[in-house]
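First up is the structure itself, then whatever we jot down about it.
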There are 2 protein chains.
Amino acid sequence: MDFIEALGLVAGICTSSSLVPQLITTIKKKKASEVSTVMFIVLLTGNALWVYYGFDKKDIPIISTNLFTIGLNIAMLTLKYKYKNNE
Amino acid sequence: MDFIEALGLVAGICTSSSLVPQLITTIKKKKASEVSTVMFIVLLTGNALWVYYGFDKKDIPIISTNLFTIGLNIAMLTLKYKYKNNE
């Protein structure tokens with residue numbers, strides 16, 4: 001792995017990890033996220049397109065970051081429906 | 001602009017635009033975001049590294065998406081301090 005790829009992975013860790021506290025807060029408060037379902041769909045579409053883009057460019061940092069973000073967003077969407085009645 | 005670059009830009013618009021409603025909600029409610037300052041710093045660092053990464057790879061979608069996200073995050077951070085006493 002060269003320097004710039006390592007830097008890309010660090011960038012990905014920084015931007016993805018910023019979603020984790022939101023997930024933890026949602027679990028702790030057992031309260032649905034204020035982010036709308038439509039927005040989650042837009043975000044997931046964006047992440048999926050990034051993954052496709054990453055594969056085309058054979059860009060490991062983009063692929064791994066967006067796959068991780070897709071996982072986090074699906075978790076958030078699941079919690080949003082689980083805690084739907086707690087609003 | 002070729003197909004894959006256009007697709008990368010659409011991906012960027014999808015992932016960046018998901019931050020806009022959060023900004024609007026913050027402005028409407030005049031209430032500080034629940035996201036911590038430390039997390040904003042981590043996020044901004046991540047975006048800055050992505051911009052560097054994008055320049056190295058001469059990747060327009062990565063550069064433009066992350067510059068736009070940096071703008072949105074600085075706006076959020078500014079509002080967070082402006083509405084600090086409204087918590």
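- When the heavy atoms of residues 4-13 of chain B are compared with those of chain A, the residues falling under 4.5 Å are B/Ile4, B/Glu5, B/Leu7, B/Gly8, B/Val10, B/Ala11, B/Gly12, listed by number.
- Contact count versus chain B (heavy atoms, under 4.5 Å) is highest, among A/Ser16, A/Gly46, A/Ser17, A/Pro21, for A/Gly46.
- When all heavy atoms are compared, the tightest approach of A/Leu23 to A/Ala75 is CD1-CB, 3.9 Å.
- Residue A/Leu19: no heavy atom, backbone or side chain, is found under 4.5 Å from chain B.
- Applying the side-chain hydrogen bond (donor to acceptor under 3.5 Å, both in side chains) test to B/Asn47 and every residue at least two apart in sequence or in another chain returns B/Asn66, B/Asn73.
- Contact of the A/Pro61 side chain with the B/Trp50 side chain is registered, since non-hydrogen atoms from C-beta on lie closer than 4.5 Å.
- Here the side chains of A/Tyr53 and B/Asp59 are in contact, with some heavy-atom distance below 4.5 Å.
- If you tally non-hydrogen atom pairs under 4.5 Å between each of B/Val42, B/Val51, B/Leu44, B/Thr45 and chain A, the highest count goes to B/Val42.
- Considering only heavy atoms from C-beta on, A/Ile62 stays 4.5 Å or farther from A/Lys57 through its side chain.
- Follow the hydrophobic side-chain contacts under 4.5 Å out from B/Leu79 and you reach B/Ile74 in the same cluster.
- For A/Thr65, the part lying near chain B is the side chain, with the backbone staying farther off; criterion is any non-hydrogen pair under 4.5 Å.
- With contacts defined as side-chain heavy-atom distances shorter than 4.5 Å, the pair A/Ile24/A/Lys28 qualifies.
- Taking 4.5 Å as the limit, every side-chain heavy atom of A/Lys31 sits out of range of all side-chain heavy atoms of A/Tyr83.
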